[in-house]
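Notes follow once the structure below has been shown.
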Amino acid sequence: MAMLDGRWMHGVLAALVPLGLTAGQPGPSGSPAREKPPVVLFPAFHFTKLQATVRDQTTAPGCPRSGTFQDWFRNDRPSRFSQVCRDRLLTLRYRDDPSLPMPERFAEQPGVTVEIMEYGRTDSAPYYEALYRRLETAGYVRDRDIRVAGYDARLTPDMGGFFERTRRLIEDTYRDNGERPVHLVGHSNGPLYAQYLLTHTSQAWRDRYIHGFTPIAGNMPGQGLMYSVMFTGQNIQDFGYPTTRQNARSSARMYQSAPSTYMSAADPAVFGDREVVIRESSTGRSYTPRDYRRLFADAGLPTAGKIAAYYIGFVRFADPRSFPDVDVYGEKGSGLPTVVGARLANLSTGQIADPGGFLRRDGDGNQEDITNNAILAWRAMRCHHFSLTDNPGVEHGALPNDPALLDRLVTVLGRPRTRCR
């Protein structure tokens, strides 16, 4: 996921904080409305609070050998670790061993562990305060029937115990709230993780535990901007572009090492050659999503090419066998200039982004129209409800806080599920 005019961006490795929920305890406003389903939120890319613990690291000379730092959008906790140090210590190691399944080829730097802070609780994703408050006005209680399926945004949903952890959270939320099926809400990259869960569980499981799914600007087929970020980097704390070559290098290398970068990059099966994602000035060459193999080969990035071949288009959604087969109430934005790529001087890693060189098309300020319209494929679901509501002029980050969208969400939560069997 990336941000307006490139300022916003865009999951075995994570050690988790104990859940510690207060399920089943009455809140200050009394019991929630029994007829409404509990909600589990899947946050956007790096909107889940992570904490890194460093013990005697030697990976990054000049950086503190030990200590802790946090990583999340709008992180307001000062740290002794500079942005470059954080990037270097969060850069995953890749073991090029074909005998290992791809998810097992990635590891943290020696001496570094990363945990999800306050897993399951609304405090783990503070950006969504407006959503939590709107649900509270409808009788919901935080951490009881509003919970958060956070994840390490560097990792894909086949890593870090995501699937088992999230399925357990949903089943616990169902039981703790009178065996009411759970409504999934996802923002930006969050719907990728929710969709992976839905397509890796049985229909019987979904029929029992899931009320419906509201993807808000879901990044299902990826977005073009992710390709240029692997050359320029982008800082998580404010989604601004690095202004020094040292930071651009550390950030770009971190993105190159993260499998989620490739999962989030425009899938040529959906995009084809409909947009240019890199235009290289030194050769005059242009690269579309269809050209990603040539892009990484020309850039001398063979490891990126191997990861890309596995993870681009990783979360299936467009063919009937990959439909979520639950009621879907999608939301999107439109009508805003949206960065989909960049003109680069060359294909070296660690370039300073030039806002004058961004390539744009219509979208929500973060994700282009191709991405935001992709779930229209789900109109072909055999039985379940599908809708996709446009919010013209509402940019990507504002969508989950938009009053009209939140009112529609509350209305949806009051509707019964479609009975297909």
Practice problem: Over 60° means perpendicular and under 30° means parallel, so classify the ring planes of Tyr127 and His187, tilted if in between. | Solution: parallel

Practice problem: On the 0 to 90° scale, with breaks at 30° and 60°, tag the Tyr196-Phe163 ring pair as parallel, tilted or perpendicular. | Solution: perpendicular

Quiz item: Near Arg77 CZ, under 6.0 Å, is it more than 12 heavy atoms from other residues, nucleotides or ligands?
Solution: no

Self-check item: Any Tyr287 side-chain heavy atom under 4.5 Å of Leu347 side chain
Solution: yes

Quiz item: Considering residues, nucleotides and ligands other than Arg133, do more than 12 of their heavy atoms fall under 6.0 Å from its CZ?
Solution: no

Practice problem: Classify the side-chain pair Tyr151/Asn189 by whether it contains a donor and acceptor separated by less than 3.5 Å. | Solution: no

Quiz item: Side-chain donor-acceptor pair under 3.5 Å between Arg249 and Gln246, yes or no?
Solution: no

Practice problem: Describe, in one word, how the ring planes of Tyr329 and His183 are oriented to each other, choosing from parallel (under 30°), tilted (30 to 60°) and perpendicular (over 60°). | Solution: tilted

Quiz item: What pairs with Gln109 under side-chain hydrogen bond (donor to acceptor under 3.5 Å, both in side chains), at least two apart in sequence or on another chain?
Solution: Thr59

Practice problem: Scan side-chain atoms only and decide if Thr244 and Asn247 contain a donor-acceptor pair under the 3.5 Å cut-off. | Solution: no

Quiz item: Is Arg208 salt-bridged to Glu171, going by a charged N under 4.0 Å from an acidic O?
Solution: no

Quiz prompt | Approximate separation, where rounding is to 0.5 Å, of Asp267 CG and Phe314 CZ | solution = 12.5 Å

Quiz item: Could Lys332 and Asp369 be called an ion pair, given the rule that one side-chain N must be under 4.0 Å from one carboxylate O?
Solution: no

Practice problem: Run the ring-centre check on Tyr241 versus Phe358 and record whether the distance is less than 6.0 Å. | Solution: yes

Exercise. Answer yes if the side chains of Asn75 and Arg86 hold a donor-acceptor pair under 3.5 Å, and no otherwise.
Key: no

Exercise. Can you establish whether the number of heavy atoms outside Arg294 located under 6.0 Å from its atom CZ is more than 12?
Key: yes

Quiz prompt | Donor-acceptor side-chain pairing of Thr91 and Arg88 below 3.5 angstrom | solution = no

Can you give me every donor-acceptor pair (side chain of residues 271-280, partner residue at least two apart or in another chain, under 3.5 Å) with its distance?
unit_1 : atom_1 : unit_2 : atom_2 : d
Arg274 : NH2    : Val270 : O      : 3.0
Arg279 : NE     : Ser286 : OG     : 3.1
Glu280 : OE1    : Thr283 : OG1    : 2.9
Glu280 : OE2    : Ser282 : OG     : 2.6

Quiz item: How about Ser188 and Gln367: does a side-chain donor come under 3.5 Å of a side-chain acceptor?
Solution: yes

Quiz item: Relative to the ring of Tyr209, is the ring of Trp205 parallel (under 30°), tilted (30 to 60°) or perpendicular (over 60°)?
Solution: tilted

Quiz item: Can you tell me how far the OG atom of Ser260 sits from the CE atom of Met159, to the nearest 0.5 Å?
Solution: 9.0 Å

Quiz item: Would Asp158 and Tyr311 count as having a side-chain donor-acceptor pair, cut-off 3.5 Å?
Solution: yes

Quiz item: In terms of ring plane angle, is the pair Phe45 and Tyr255 parallel, tilted or perpendicular, where the classes change at 30° and 60°?
Solution: parallel

Quiz item: Do other residues, nucleotides or ligands put more than 12 heavy atoms under 6.0 Å from the CZ atom of Arg134?
Solution: yes

Quiz prompt | Cationic N near anionic O, under 4.0 Å, Arg147 to Asp176 | solution = yes

Quiz item: Would you find a donor on one side and an acceptor on the other, under 3.5 Å apart, between the side chain of Arg343 and the backbone of Ser281?
Solution: no

